[in-house]
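One structure is given here, and the rest of the page talks about it.
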Amino acid sequence: LAFSGLHVVNAMAADPIVGQWSYSTSNHWVKGPAPAGKPSKGIIVITQTGEHFKMEFKSGMVFSPPELMYFTGKKQGQEYIFSNSAPVDNEGGIAKNSCNLKLISANHGRGKSFSQYSNKGITFSWGFDIELTR
């Protein structure tokens with residue numbers, strides 16, 4: 001009798017949030033000297049490496065500078081917390097963005113986005129609700 005060894009691959013299954021999603025935004029608000037955003041629709045893609053997630057806005061919203069379309073994140077309980085930050089002008093202004101998402105089902109998610117600009121004691125913020133479907 002010949003026995004061959006059984007090899008079990010313990011591959012980490014992809015998290016249910018991983019993949020391509022259609023998104024839509026609503027309930028835009030602003031506090032400070034900036035216009036409130038307008039509802040938008042587009043595509044985001046979420047990938048996973050180990051416990052870390054990346055989210056990229058592929059279409060819809062416009063980001064300036066463009067690197068702000070990329071978010072990194074982690075799962076905390078049932079919520080996914082994504083964020084990024086970058087200098088946004090030549091006067092030392094910094095934009096910080098966060099997007100908290102929660103899956104309602106395998107094909108539906110909801111969350112809130114919050115952004116803040118700060119520079120030399122001046123701060124203003126804005127945000128919106130976001131809905132994901134696929």
Side-chain angles (χ1 to χ4, degrees):
L1 282 180
F3 291 93
S4 65
L6 295 176
H7 297 280
V8 177
V9 177
N10 189 4
M12 182 180 206
D15 192 275
I17 201 166
V18 170
Q20 180 172 299
W21 294 86
S22 295
Y23 74 85
S24 61
T25 67
S26 61
N27 300 321
H28 288 252
W29 59 270
V30 65
K31 291 180 183 175
K38 295 180 181 176
S40 70
K41 295 181 178 194
I43 301 292
I44 63 170
V45 173
I46 299 175
T47 58
Q48 179 182 8
T49 304
E51 295 180 5
H52 301 280
F53 294 87
K54 289 186 180 176
M55 178 172 64
E56 177 183 355
F57 281 79
K58 293 284 201 178
S59 66
M61 289 190 272
V62 175
F63 294 86
S64 182
E67 61 262 25
L68 288 175
M69 74 177 71
Y70 303 100
F71 289 70
T72 58
K74 286 194 99 169
K75 186 175 184 179
Q76 295 180 352
Q78 296 301 309
E79 197 168 37
Y80 301 85
I81 315 291
F82 291 93
S83 64
N84 66 25
S85 66
V88 292
D89 56 34
N90 60 2
E91 299 170 358
I94 301 289
K96 295 180 182 179
N97 302 294
S98 64
C99 189
N100 296 7
L101 300 171
K102 196 170 192 178
L103 289 182
I104 297 165
S105 71
N107 297 314
H108 188 200
R110 283 195 184 124
K112 294 197 176 286
S113 178
F114 177 82
S115 298
Q116 181 175 313
Y117 169 85
S118 57
N119 184 3
K120 300 176 187 159
I122 299 168
T123 300
F124 56 94
S125 55
W126 62 96
F128 51 84
D129 295 342
I130 187 166
E131 188 149 1
L132 306 178
T133 56
R134 55 176 163 197

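All values below were derived from every heavy atom in this structure, side-chain atoms included, with hydrogens, water molecules and symmetry-related copies excluded.
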Give a yes or no answer on whether the side chain of Ser59 reaches the backbone of Ile43 with a donor-acceptor pair at less than 3.5 Å. yes
Side-chain heavy-atom pair Arg134, Ser22 within 4.5 angstrom cut-off: no
Should the pair Phe82 and Tyr80 be assigned to parallel (<30°), tilted (30 to 60°) or perpendicular (>60°) ring geometry? parallel
Are Met61 and Phe128 close enough that some pair of their side-chain heavy atoms sits under 4.5 Å apart? yes
If you take all heavy atoms of Thr123 and Ser118, which pair is closest and at what distance? OG1-CB, 3.8 Å
Look at the aromatic rings of Phe57 and Tyr23 and report parallel, tilted or perpendicular, splitting at 30° and 60°. perpendicular
Looking only at non-hydrogen atoms, find the nearest pair between Phe63 and Met69 and report the distance. CD1-CB, 3.5 Å
For the CG atom of Asn27 and the CH2 atom of Trp29, what is their distance to the nearest 0.5 Å? 12.0 Å
Using modelled atom types and a 3.5 Å cut-off, is there a donor and acceptor pairing between side-chain atoms of Asn119 and backbone atoms of Glu91? yes
Mind running salt bridge (Lys or Arg N to Asp or Glu O under 4.0 Å) on Glu79 and Lys102 for me, showing each step along the way? CA-CA 5 Å; Glu79 197 168 37; Lys102 196 170 192 178; over 6 Å; no
For the residue pair Ile130 and Leu101, establish whether any side-chain heavy-atom pair is separated by less than 4.5 Å. yes
Rounded distance [0.5 Å steps], CD in Gln116 versus CH2 in Trp126: 8.5 Å
Determine whether Ile44 and Phe114 fall in the same hydrophobic cluster, where Ile, Leu, Val, Met, Phe, Trp and Tyr are linked whenever their side-chain heavy atoms lie under 4.5 Å apart. no
Mind checking whether Tyr117 and Val88 have side chains closer than 4.5 Å, heavy atoms only? yes
Taking the side chain as everything from C-beta on, heavy atoms only, tell me whether Leu132 gets closer than 4.5 Å to Arg110. no
Heavy-atom side-chain contact between Asp129 and Thr25 under 4.5 Å: no
Should we count NZ of Lys75 as having more than 12 external heavy atoms under 6.0 Å? yes
Over all atoms of both residues, closest heavy-atom pair of Ile46 and Phe53: CG2-CD2, 4.2 Å
Report yes if the side chains of His108 and Glu131 come closer than 4.5 Å at any heavy-atom pair, otherwise no. yes
Atom of Ile94, atom of Pro87 and distance for their closest heavy-atom approach: CD1-CA, 3.8 Å
Between Asn84 and Asn97 the two heavy atoms that sit nearest each other are OD1-ND2, 2.8 Å
Could you tell me whether the side chain of Met55 reaches within less than 4.5 Å of the side chain of Val45, counting heavy atoms only? no
NZ of Lys96 to OG of Ser125: how many Å apart, nearest 0.5 Å? 13.0 Å
Lys112/Asn100 under side-chain contact (heavy atoms from CB on, under 4.5 Å): CA gap, chis, key distance, verdict: CA-CA 6 Å; Lys112 294 197 176 286; Asn100 296 7; 5.5 Å; no
